[in-house]
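Notes follow once the structure below has been shown.
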Amino acid sequence: MSKIGLIIKREFDSRVKKKSFLLATILVPLLFPAIIGGMIYFAIEESKNAEQQKVYVLDEAGTFNFENDKKYAFEELNLSLEEAKTIFTESEAYALLYFPEFELANPEGIVMYAKKNPSLQASSYFENQIESQIRDQKLKESGISEKEMEGLKTNISLSTINVSDSGEEKASSAGVAYGIAYAFSFLVYMFVLIYGTQIMQGVIEEKSSKIVEIIVSSVKPFQLMLGKVIGVASVGLLQFAIWVVLIFALSAGVFAMFDLNPADMQTAQESMSGMNGGSNAQAMMENSKAGEILNIVYDIPYAYYISVFAFFFISGYLLYGALFAAVGSAVDNITDAQQFTMPITMPMIIGFLGTFMFVMPEPDGNVSFWLSIIPFTAPVAMMARVAFGVPAWELALSMGLMVIGFVFTIWMAGRIYRIGILMHGTKVNYKTLLKWVKTNS
């Protein structure tokens with residue numbers, strides 16, 4: 001076995017045989033579903049047990065009529081504004097809605113008084129309620145009856161079909177694509193930073209214990225660095241592969257437990273397409289929608305996503321892992337490394353934030369394109385774009401630049417590593433690192 005192979009095996013064995021690795025590998029696939037399930041359970045229970053909050057309404061215009069619901073109970077006041085505010089401040093009411101006299105064409109002066117900042121959800125709720133009633137008032141003034149207004153209100157459930165260049169049609173869902181984009185981009189972000197940090201800590205520990213001085217007497221520093229980077233990467237891939245198998249096994253168990261067969265759900269959905277009317281029809285439509293989403297999830301090209309994930313994880317890890325190894329070789333402790341880790345992680349953080357700000361809202365936008373092409377942000381951004389569909393040439397370009405990117409960072413990190421790994425007690429700055437990169441001997 002080659003020297004690099006021996007180093008890879010040493011790094012792999014030392015991490016895989018730890019109890020922490022086994023616990024994390026087994027517990028994470030169980031922990032995340034348990035956390036999500038618990039959050040959903042408590043959210044449902046909270047909505048069931050939530051008490052109605054009182055909302056006072058002072059309507060000088062006399063045009064609004066709010067109906068009580070599970071969350072809010074509305075009480076009208078026939079007082080002056082100052083008297084209403086006094087009653088509100090002395091009560092336990094959630095809010096006071098004030099409507100002055102206004103023209104429907106220009107509804108201004110509406111105020112919501114609250115004792116603390118209302119949530120975005122609450123603000124949106126009241127805004128929608130008010131806008132809906134003003135719209136109804138405008139329709140009434142135009143001569144439309146209430147019966148006609150009810151007939152104008154329509155609820156639709158939009159189905160989306162992706163059409164390939166060959167004309168093949170396939171059902172899709174923006175919600176499913178969003179979930180896949182979030183999951184894979186987050187996994188790449190998490191894996192690269194976690195295992196990159198492990199590389200840096202491992203190098204610092206070996207350097208501090210002087211073990212590395214014995215090792216470099218047998219192998220070249222660059223071989224040692226490359227072996228460490230590849231060894232830790234193999235640990236990450238093994239862990240991810242185990243997670244995939246466990247998640248698929250758990251999913252299969254859930255399907256079997258609830259007897260959920262996507263093909264049967266699709267047949268039921270097609271048989272319901274001609275039904276209408278009544279509450280039973282509404283329930284059938286909801287089941288039909290669930291069956292459609294289930295079918296979309298079942299037909300996801302998992303092999304394609306996993307292979308793309310594996311490439312961007314490996315290439316992204318090699319790109320960042322080499323830099324983390326270089327930093328670890330240049331310093332004597334974790335404290336000294338902090339000044340260098342922020343510039344390294346900042347591009348990945350930009351890519352992660354850019355994924356939510358640009359990629360998910362507009363996967364084909366210019367900013368999304370460049371985030372998925374630039375090697376330092378591509379591992380996260382491209383994984384998000386892939387879920388929404390990416391032209392083959394863009395994916396190939398991104399992959400090609402990633403290869404160039406990690407080859408360059410490995411080369412640069414190797415030049416730092418060969419000098420820094422044997423340096424002790426030297427205060428290193430960016431000027432020193434640049435000098436080491438330029439040094440030929």
Practice problem: Check side-chain hydrogen bond (donor to acceptor under 3.5 Å, both in side chains) between Gln129 and all other residues, then give those that pass, not counting sequence neighbours. | Solution: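 In terms of side-chain hydrogen bond (donor to acceptor under 3.5 Å, both in side chains), with neighbours along the sequence ignored, Gln129 is linked to no residue.
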Quiz prompt | Under the side-chain hydrogen bond (donor to acceptor under 3.5 Å, both in side chains) test, residues paired with Ser307 that sit two or more places apart | solution =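 Once residues adjacent in sequence are excluded, Ser307 has no partner under the side-chain hydrogen bond (donor to acceptor under 3.5 Å, both in side chains) criterion.
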Between [X] and [Y], what is the ring plane arrangement, given parallel below 30°, perpendicular above 60°, and tilted in between?
{"X": "Phe74", "Y": "Tyr125", "value": "parallel"}
{"X": "Tyr98", "Y": "Tyr113", "value": "tilted"}
{"X": "Tyr189", "Y": "Phe186", "value": "tilted"}

Quiz prompt | Polar contact flag, side-chain donor to acceptor under 3.5 angstrom, Gln239-Tyr195 | solution =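 A pair is found: one side chain offers a donor N or O, the other an acceptor, under 3.5 Å apart.
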Under 3.5 Å, is there a donor-acceptor pair between the side chain of [X] and the main chain of [Y]?
{"X": "Ser123", "Y": "Leu120", "value": "no"}
{"X": "Ser185", "Y": "Met383", "value": "no"}
{"X": "Ser124", "Y": "Gln121", "value": "no"}
{"X": "Tyr320", "Y": "Met348", "value": "yes"}
{"X": "Thr377", "Y": "Leu371", "value": "yes"}
{"X": "Ser132", "Y": "Asn128", "value": "no"}

Practice problem: Determine, for Tyr94 and Lys71, whether the Lys NZ or Arg CZ falls below 6.0 Å from the six-membered ring centre while staying within 45 degrees of the axis. | Solution: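 The answer is no; the distance or angle limit is not met.
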Quiz item: With ring centroids as reference points, do Tyr72 and Phe126 lie under 6.0 angstrom apart?
Solution: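 Ring centroids of Tyr72 and Phe126 are less than 6.0 Å from each other.
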Practice problem: Please check if atom CG in Asn366 has more than 12 non-hydrogen atoms from other residues, nucleotides or ligands closer than 6.0 Å. | Solution: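 No.
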Practice problem: Decide if atom CH2 of Trp411 counts as having more than 12 heavy atoms of other residues, nucleotides or ligands within a radius under 6.0 Å. | Solution: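 Above 12, so yes.
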Practice problem: Hey, could you give me each pair passing salt bridge (Lys or Arg N to Asp or Glu O under 4.0 Å) that has a residue in residues 393-405? Not counting sequence neighbours. | Solution: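 Applying salt bridge (Lys or Arg N to Asp or Glu O under 4.0 Å) to every pair that reaches into residues 393-405, excluding sequence neighbours, yields Arg385-Glu394.
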Self-check item: Residues Glu75 and Lys54 bridged, charged N to O under 4.0 Å
Solution: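 Yes.
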Self-check item: Trace of the ring pair (Phe, Tyr, Trp, His ring centres under 6.0 Å) decision for Tyr182 with Phe356
Solution: CA-CA 8 Å; Tyr182 175 83; Phe356 293 94; 5.5 Å; yes
Exercise. Kindly compute the distance separating CZ (Phe99) from CG (Leu81), expressed to the nearest 0.5 Å.
Key: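 Answer for the CZ-CG pair, Phe99 versus Leu81, is 12.5 Å.
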Quiz prompt | Tyr56/Glu76 under side chain to side chain donor-acceptor pair (under 3.5 Å): CA gap, chis, key distance, verdict | solution = CA-CA 6 Å; Tyr56 290 122; Glu76 293 188 10; over 6 Å; no
Quiz prompt | Residue of the set Val331, Ile204, Val327 for which side-chain contact (heavy atoms from CB on, under 4.5 Å) holds with Asp336 | solution =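 So, applying the side-chain contact (heavy atoms from CB on, under 4.5 Å) to Asp336 and each of Val331, Ile204, Val327, only Val331 qualifies.
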Self-check item: Single hit among Val359, Val390, Thr355, Ile373 for side-chain contact (heavy atoms from CB on, under 4.5 Å) with Ser368
Solution: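 That would be Val359; it is the only one of Val359, Val390, Thr355, Ile373 passing the side-chain contact (heavy atoms from CB on, under 4.5 Å) with Ser368.
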Exercise. Could you walk me through whether Tyr430 and Phe340 pass ring pair (Phe, Tyr, Trp, His ring centres under 6.0 Å), step by step?
Key: CA-CA 8 Å; Tyr430 292 101; Phe340 300 109; 5.1 Å; yes
Practice problem: Go through the steps for Ser80 and Glu83 under the test side chain to side chain donor-acceptor pair (under 3.5 Å), then give the verdict. | Solution: CA-CA 5 Å; Ser80 66; Glu83 290 174 326; 3.2 Å; yes
Quiz prompt | Stepwise side-chain contact (heavy atoms from CB on, under 4.5 Å) check, Met342 with Thr345 | solution = CA-CA 5 Å; Met342 180 55 70; Thr345 58; 4.1 Å; yes
Quiz prompt | Leu323 and Phe376, any side-chain heavy atoms less than 4.5 Å apart | solution =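 SC-SC contact between Phe376 and Leu323 confirmed.
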